[in-house]
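Bear in mind that the values here come from a model prediction, so they are computed numbers and not experimental data. Atoms within a ligand are numbered from 1 in the order they appear, just like the ligands themselves.
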Amino acid sequence: MDVFNKISELLAEIESSSPSDAQSLETFRIRFLGTKNVIKPLFAEMRNVSSDKKKEFGQALNHLKTSAEERYNLLKKEVQLKSTQDEVSNMDLTLPVDSGFTGSRHPVSIVMNRMINIFEKIGFVVEEEREIEDDWHNFSAMNTPDDHPARDMQDTFYLKDSEKFLLRTHTSSVQARVMTNQKPPIRIIAPGRVYRNETISARSHCQFHQVEGLYIDKDVSFADMKQTLLYFAREMYGPDTKIRLRPSYFPFTEPSAEMDVWMGTDTETTKRLTKGTGWLEVLGCGMVDPNVLTNCGIDPEVYTGYAFGIGIERTAMQKYNISDIRLLFENDVRFLQQFSAVI
Ligand code: PHE
């Protein structure tokens, strides 16, 4: 057969073929563009073509080749479009949506927000401050001067090569900052992260969170503090909750106390948590020491106040029955997802 005829025949075939799926498109590609395609052998025919026709033949062959490529690219787009359309029309739009995992609050945040909420209801205002503190606000102002033995109660991370700057060991440093900047009446809570140089174990960590409270005004009494803490305990642990205050010691309060709530010994968990006593220690508190007021520029002859500090992790562990404090800092999603239903 005349090679020119062969070219026109193939050209016609290329233009008329319209594969409708990926498989017939691939057959088209192999036939016209694959390594053993039908156009290739025609190039060898060049030597049989008379010299006056060689140019025309070459052009016709090239045209055939580019036509095959262009047609293939066009068809490929069409086939792709068709397959997405098929996919859409095959979708079951009545299927319920896969809601996925939308994240959850961390148990420390849940408990902290709850505490903030409880105190805000009775007029306490949130104050936040720096985590890198100076020695004065963390210790000296809080009646814990350099040589005070109570400094050993809170093992401190000092900044490298510094005797002055440290990671705050309690949010009492916020109390010191507020007292030096504001005039009474002061009624604040200071939630935040604190650090202590302690060996990490199931029960203690080198970082944890506190909510501290401070109330300073004229005629603030120990009875006021007790009533506020009873209100807090009943909001947090239930309306019939009983509390007790045990004498304690903090350098910045006098008198000082620790508050326990009654958990009972009915279950294995409450027995373990309360070490068999039925009482769970939840916070430290006391009347602000007059020295602290003086240090911060408030006249202790005119004003009195109370302060308290609550550990968040301990409360979260008790509330959600978490046996190891380290779980609260590892951010393992398998642990955190369990709180997705809590707001
Ligand atoms: N700052 C104390 C602590 O971190 C807690 C506390 C605060 C105690 C206020 C009494 C009054 O242990």
If you measure every N/O of [X] against every N/O of ligand 1, is any gap under 3.5 Å?
X	result
Arg196	yes
Gln210	yes
Ser172	yes

Task: Lys164 with Asp134: basic N within carboxylate O range, under 4.0 Å - done: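 Asp134 and Lys164: not salt-bridged.
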Task: Ion pair Arg326/Asp332, N-O distance below 4.0 Å - done: no
Open item on the list: Checking contacts here: is it the side chain or the backbone of Cys285 that comes within 4.0 Å of ligand 1, counting heavy atoms only? Could be both or neither.
Closed with: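 Within the 4.0 Å criterion, Cys285 contacts ligand 1 through backbone atoms alone.
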Task: Under-4.0 Å heavy-atom contact with ligand 1, by part of Phe308 that carries it - done: backbone
TODO: For Glu26, enumerate each residue passing the salt bridge (charged side-chain N to carboxylate O under 4.0 Å, His left out) test, keeping only those at least two apart in sequence or located in another chain.
DONE: Arg29
Atoms of ligand 1 less than 4.0 Å from [X] heavy atoms?
X	value
Glu212	1 (N), 2 (C), 4 (O), 5 (C), 7 (C)
Gly284	8 (C), 10 (C)
Phe250	8 (C), 10 (C)

TODO: Measure from the ring center of Phe124 to the ring center of Phe232 and say whether it is less than 6.0 Å.
DONE: no
- [ ] Measure the distances from the heavy atoms of Tyr306 to every atom of ligand 1 and state whether one is below 4.0 angstrom.
- [x]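 No.
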Open item on the list: Looking at ligand 1, is there an atom of it that comes within less than 4.0 Å of some heavy atom belonging to Met142?
Closed with: no
What side-chain donor-acceptor pairs closer than 3.5 Å can you find for residues 276-288, not counting sequence neighbours?
{"from": "Thr277", "atom 1": "OG1", "to": "Thr274", "atom 2": "O", "distance (Å)": "2.7"}
{"from": "Thr277", "atom 1": "OG1", "to": "Trp279", "atom 2": "N", "distance (Å)": "3.1"}
{"from": "Thr277", "atom 1": "OG1", "to": "Trp279", "atom 2": "O", "distance (Å)": "3.3"}

TODO: Identify which one of Phe222, Phe250, Phe252, Phe119 satisfies the ring-ring contact (aromatic ring centres under 6.0 Å, His included) criterion when paired with Phe308.
DONE: Phe119
Open item on the list: If we count only N and O atoms by modelled type, under 3.5 Å, do the side chains of Gln207 and Glu131 hold a donor and an acceptor together?
Closed with: no
